[in-house]
Structures are given as structure tokens and as C-alpha cells.
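Worksheet: one structure, shown below.
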Protein chains: 2
Amino acid sequence: MNIKIGELARRAECHVETIRYYEKEGLLSPPKRSGGNYRLYDDSHVERLQFIRHCRSLDMTLAEVQTLLGYRDTPAQDCGEVNALLDKHIQQVEIRVEALLQLKRHLLALREKCSGSRAIESCGILQGLSDCSCHSIPAEGATTSFVEA
Amino acid sequence: MNIKIGELARRAECHVETIRYYEKEGLLSPPKRSGGNYRLYDDSHVERLQFIRHCRSLDMTLAEVQTLLGYRDTPAQDCGEVNALLDKHIQQVEIRVEALLQLKRHLLALREKCSGSRAIESCGILQGLSDCSCHSIPAEGATTSFVEA
DNA sequence: TAAAGACCCTGTAGCTACTATAGAGTCAAG
DNA sequence: CTTGACTCTATAGTAGCTACAGGGTCTTTA
């Protein structure tokens, strides 16, 4: 079974460019090529790419995905480290949720400061934004980035 | 009152490079220079930069900050649009929180699949990650990025 | 046989909001 | 006069792609 990159992309629901990017980053090993220099994939590539995309949809970094792929590739070990990686990832998500809820509280407090259609000069929101008394910066590790659809 | 960029950075609690970056991006207008070509700032710059940093700590994009600065610079208007911008921003935060909670549910479900220290081959988590049946991609606009401390 | 269209190739630049260098110049204190 | 703290510009890097440009390949149809 030899499929070209477009078909692989369709089966894993991702862009062709993303596949080439993963190859460049070492998550997918360079596949064999056709006479016309087209990349040729088989079922194992489909499965591996789906694994990667699934991890990405769970918001893991490519480094985390690399680690998991490494575990997959050495089946002799036990999977305690897989569990640990996932636990750590869940914890990071929890931290982000907390940071976002804190952020929302700040935004709502700010929004309270102006409810009407006042003149810009007396707008409580703009004034609140100039006031730096609550200038707290969210905790580190609070950064998110999601795979796009 | 003429302060140099380092002092401005100290007062707004941000990096010198960030200030130069904001100038390049048009959020701060180029200040006057000293004989030795040093940037010289005054109180209005301090206030404007604090405004920007406050907005950033609330996770607004630089484009949103630009818009708010624009409103500030035209005090004749009323501030209905300021309220609208903030409402939209709050809504985006809510969407992100929901996406993250959904993500956490997925991760916890995955984590349930393996609790022991089994051999890698039979690890339920790695198997779950290969299975693409729940391959849902988080909603757009779910991306977060925070100002770092 | 030729041309059109769909697909593929490499390489590079762009996105956000900075951060981090390199290599040079300025300025005040000792 | 030298040291050290500060500043300047310009450029490259971060994550994870995405979007070209400028070509080549393959299949189908006229």
C-alpha cells in the first residue's frame, strides 16, 4: 500500500505542509520516494501521524509527543513514565484554567466600572486600565496553544 | 522630566527591548532623543506604557490595545465601543476556559485507561492515543498567550 | 499529441509578542 | 583614563505551523 502525501493528509485530517513539517522536525522519518520523487507512505505512517495529531489535539507540545513516540518505539519498558507525563500535562492544564478564571475575574471587575455610554474622558474602563494597582502577571506555564481546525 | 529607557522599563515593570518593540509596532510614538541618541521619555510615556502593560496582563492582543489607545486619543467619542471590546474579550476568555475544561476531561478519560506499570505494549494510554475516534479539535479562538513575568 | 488540471517538490517568509544575542557607542564616577 | 553601567541598531530565535513562489510530475481529456 503506497499512498502519497495528500492522501495521508486526508486520512489524518491535517495539512500536507504539516506532514512535511513533522518530517523536518523528526517526528516522522523520511519515507521512501517514487520515481518522480513523491513521498510514499503506508499504514504505519497513517497510524503514527494519527497518534501525533491526537496528542496535539490534547494540546501536548511536539517535545512531549516526541517523548511518547520514543516510549512507543521501545516496547520493552514499562509505562510508568507515560502515566507520569500525562499527569504532568493534566496538571499544566489545571494551572491554565485557574489562570484564565483569575483573568476573567479581573476583566469582569474592570467591566463593572463602566456600564453606560459616557464620554471617553470619564470612562471607568479606560481609567481602570491606566491604573496599575492590580497589575498582576499571570503565573508561568499559563500559556496555551491549540491545534487549529 | 526626562528619563531614559531603562528607567521607563523599571517604572512599567517591563523589559527595555519590549519598549523598543512597542515603538517599532507603533504603540508608542518615537520619543525625542538626547545628544548621545538616547531615547528620552516623560510622564505621559510612563502612563501610556502602563496602560499597555495592564491590557497585556489582561491578555489582550496588541491589536486590541491599539484600538483602545485609539479611543483614548479621541476623547470626543462616547465609550460604548470600549465596553463592546471588553465584552468580546471576556467572551473569548470564557470560550478558552470551556475548551480547556473539555481538554481536561479528555485527558482524564485517557489517564483512566492505564493505572499500573504495565508493559508499554499493553499500555492503555498509548493505545488510546493511537485510536483516533475522539479526535476532536478544540474550537477556534481557543488560543491563549500570556505575558510572562 | 498536446494541453489542462490536479497533485507534488524545495525553499523561504510570515504569523504573535516578544527575548536574546552581537557589536558598537555614551556617560558618569573613581 | 579606565571601568562599568547604560544605551544604540540590527538580526535571529521561540512554537507550530501556514502560505506562498517557482518549479516538476502524472493523469485525463480533446
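Each chain gets a letter, A, B and so on, in the order its sequence line appears, and its residues count up from 1. Everything numeric here is computed off the predicted structure, so don't read it as measured data.
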Looking at B/D59 and B/R96, is any side-chain nitrogen of the basic one under 4.0 Å from a carboxylate oxygen of the acidic one? yes
Is any side-chain N or O of A/Y21 under 3.5 Å from a base N or O of D/dT18, one able to act as donor and the other as acceptor? no
SB check B/K4 B/E7 (cutoff 4.0 Å): no
Here's a test of your reading of the structure: between B/G36 and A/R10, which maps to the more 5' nucleotide of DNA chain C? A/R10
Between D/dT25 (P) and A/L40 (CG): distance, integer Å: 15 Å
Quick test of your reading of the model: are A/D43 and A/R48 salt-bridged, counting only N-O distances below 4.0 Å? no
Here the distance between atom P of C/dC8 and atom CG of A/L8, to the nearest Å, is 10 Å
Of A/S34 and A/T18, the one whose closest nucleotide on DNA chain D sits nearer the 5' end is A/T18
D/dC17 P sits how many Å from A/L28 CG, rounded? 11 Å
Do the charged groups of B/E23 and B/R20 touch, with an N to O distance under 4.0 Å? no
If you find the nucleotide of DNA chain D closest to A/R20 and the one closest to B/K4, which residue's nucleotide is nearer the 5' end? B/K4
Given atom CD1 of A/I5 and atom C1' of C/dA6, what is their separation to the nearest angstrom? 15 Å
Distance check needed: D/dT18 P versus A/H15 NE2, whole Å only. 5 Å
Any N or O donor-acceptor pair under 3.5 Å from the base of C/dG25 to the side chain of B/Y38? yes
In plain terms, say whether B/E94 and A/K104 are close enough for a salt bridge, that is, a side-chain N and a carboxylate O under 4.0 Å apart. yes
Tell me: CD of B/E25 to C1' of C/dC15, nearest whole Å? 12 Å
Given D/dT9, is OP1 or OP2 found less than 4.0 Å from the side-chain N or O atoms of B/R39? yes
Between atom OH in B/Y22 and atom P in C/dT16, what is the gap in whole Å? 14 Å
I need the CZ-P distance between A/R33 and D/dG24, as an integer number of Å. 16 Å
Side-chain atoms of B/V16 come closest, of D/dC17, C/dT21, D/dT7, to D/dT7
